[in-house]
Amino acid sequence: MKRILSIILLSFGSLILCSGQSFNNDLECKQSENNFTHQIDSLVVEKMDNYNIPGLAIGLVAKDTILYAAGYGIKSIKNPQPVNENTIFHTASVSKLFTAQAIMMLVENGEISLNEKLLSIIPELNHTDQRVEDITILNLLNHTSGLPDVLNYHWGNNNQSEKSLEDYILSLNLKLKSEPSTQYIYSNLGYNILGYIIEKLTNTSFDNYLKENILNACGMNSSDFRYFKIPDSLKTSPHSKNRVTGKIYERKTYPYTREHAPSSTLNSSATDLCKWMISFMKLLDSGNSENVFAEMTEPGFSAYPHIGLGFQLSKLESRKAIGHYGGDKGFRSYLLMIPEEKIGLVLLANCDYEEDFRQEIIHQIAKRMLTCGNF
C-alpha cells in the first residue's frame, strides 16, 4: 500500500509559488524554488509513507504571500480522489484561534473587557459551585477558569440547529476543578462558552458571526464552522488505525456537531488558512500601541508561560513561535507562525494516529525557511 500511496502522492501534489523571488545567495541556500519545493515534497512523501497517512495538505506563507500550498494523497481510502491545496479538513482545536480572535475583536470595539466576569454576560448559567462567579473572559481565553475539559463530544449527534450551542451551554451545571486564575487546565468547554458569549453580544449565531467577520473578511471563502455547508467535492474523510491489526480504516462518523463549533469544528483548507495567517500577522503589525491582537501572543498566565490568549506559545530556532495543534477523531492539524520573520506554516491530515508527523514535517520546513530567508 505504501508504494501505491507514494505514486499517488507524487502524481497529485499541487502547489502555489510566489514568483520573481529567490533565496539568499549564501552557500547553504543556493538552490532554486523548484529544488525547495522538491525537498518539501520528498519530506512529505517520506513521512506519509512511514506513517501510512491517507491524505495531507500543507501551506506556507512568507510576508504577505502564499509561498507554497500543496495537497498529497487521497481524500478517502474508499473514494481515492486526490487531495489538493483547496481540499477541506476538520481542523479541530485550530478553531480556538478564530474564536479567540473574535473575542478580541469585541474587546477592541469596547463591547467586552478581558476582566469582565462570565456571569455578568451569561447570568443564566447553571452552577452549584460558587467559584464560577469569579471566572473572567481572560480565564476562559488562557484556560485558567478551572473548568474541566469536554469528556464526550457526541459527534454522532450531528446537531445543526442554530440553538445547538445555546441549548448545550444552558443545559450544563458548571463545576470547577480549581479556583479561577490558579491553574492551567486545558478546557474545550471554556471555548464553547466563549462562543456563546459571542452569540449573546452580537445577536447572531457563532458560526455566522465568524463566517462574515473573520473567514470571509480575509478571503477564506471555502471555510466554515458548519460542516453541512461544505461542498461534497471539497470534503475529506476521517481515518483511524486498528490497534490490533494496524489496518487503516475510514471512520463512519465525521467529527461534527454544532454545539462544539467554538472549540473544534472549523473546516478549512491549506490555502484558506494561509490567507488567515497573512491577515493575522498584518493585525500584529498594526502599529497600535494598544494592539489587543498582539496581546494574544504573549504569555497569559505566569505559572504556565506556554499559553497566550488562544495561542500556544513556543520557541523554534530561538524565535518566538505561536500557533495551535489540533486533533479529533480521524484528523490531525498544526498551525505555526513566527511573527518576527513573517512566516507561517499549516499542516492538515485526515488521520488521527502517529501524530508526531505534524512537527516532524512543519518544524523541518520552518527551519529551512528560517535558514534561507528573503523569499
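All values reported here derive from a predicted model rather than from experimental measurement.
Every side-chain contact (heavy atoms from CB on, under 4.5 Å) that V292 has, sequence neighbours left out, goes to M104, V107, E108. Residues meeting the side-chain contact (heavy atoms from CB on, under 4.5 Å) test with H154, sequence neighbours left out: N152, N157. Partners of Q359 under the side chain to side chain donor-acceptor pair (under 3.5 Å) rule, at least two apart in sequence or in another chain, are D356. For E355, the side-chain contact (heavy atoms from CB on, under 4.5 Å) partners are R332, R358, not counting sequence neighbours. Residues satisfying the side-chain contact (heavy atoms from CB on, under 4.5 Å) test with K78, not counting sequence neighbours, are S76, E250.
Residues E298 and K320 are paired through a salt bridge, judged by an N-O separation under 4.0 Å between the basic side chain and the carboxylate. In this structure, D232 pairs ionically with K235, as a charged nitrogen and a carboxylate oxygen lie closer than 4.0 Å. Using a 4.0 Å cut-off between charged side-chain N and carboxylate O, D207 and K229 make no salt bridge.
Side chain of T91 to backbone of S268: no donor-acceptor contact under 3.5 angstrom is found.
Closest approach of L60 and M369 over heavy atoms only: CD1-SD, 4.2 Å.
Follow the hydrophobic side-chain contacts under 4.5 Å out from L147 and you never reach L151; the two are in separate clusters.
Each of N159, T265, D328, N192 was checked for a side-chain hydrogen bond (donor to acceptor under 3.5 Å, both in side chains) with H260, and the lone residue meeting it is N192.
When hydrophobic residues (I, L, V, M, F, W, Y) are linked wherever their side-chain heavy atoms come within less than 4.5 Å, the members clustered with Y184 are Y186, F301, Y304, I307.
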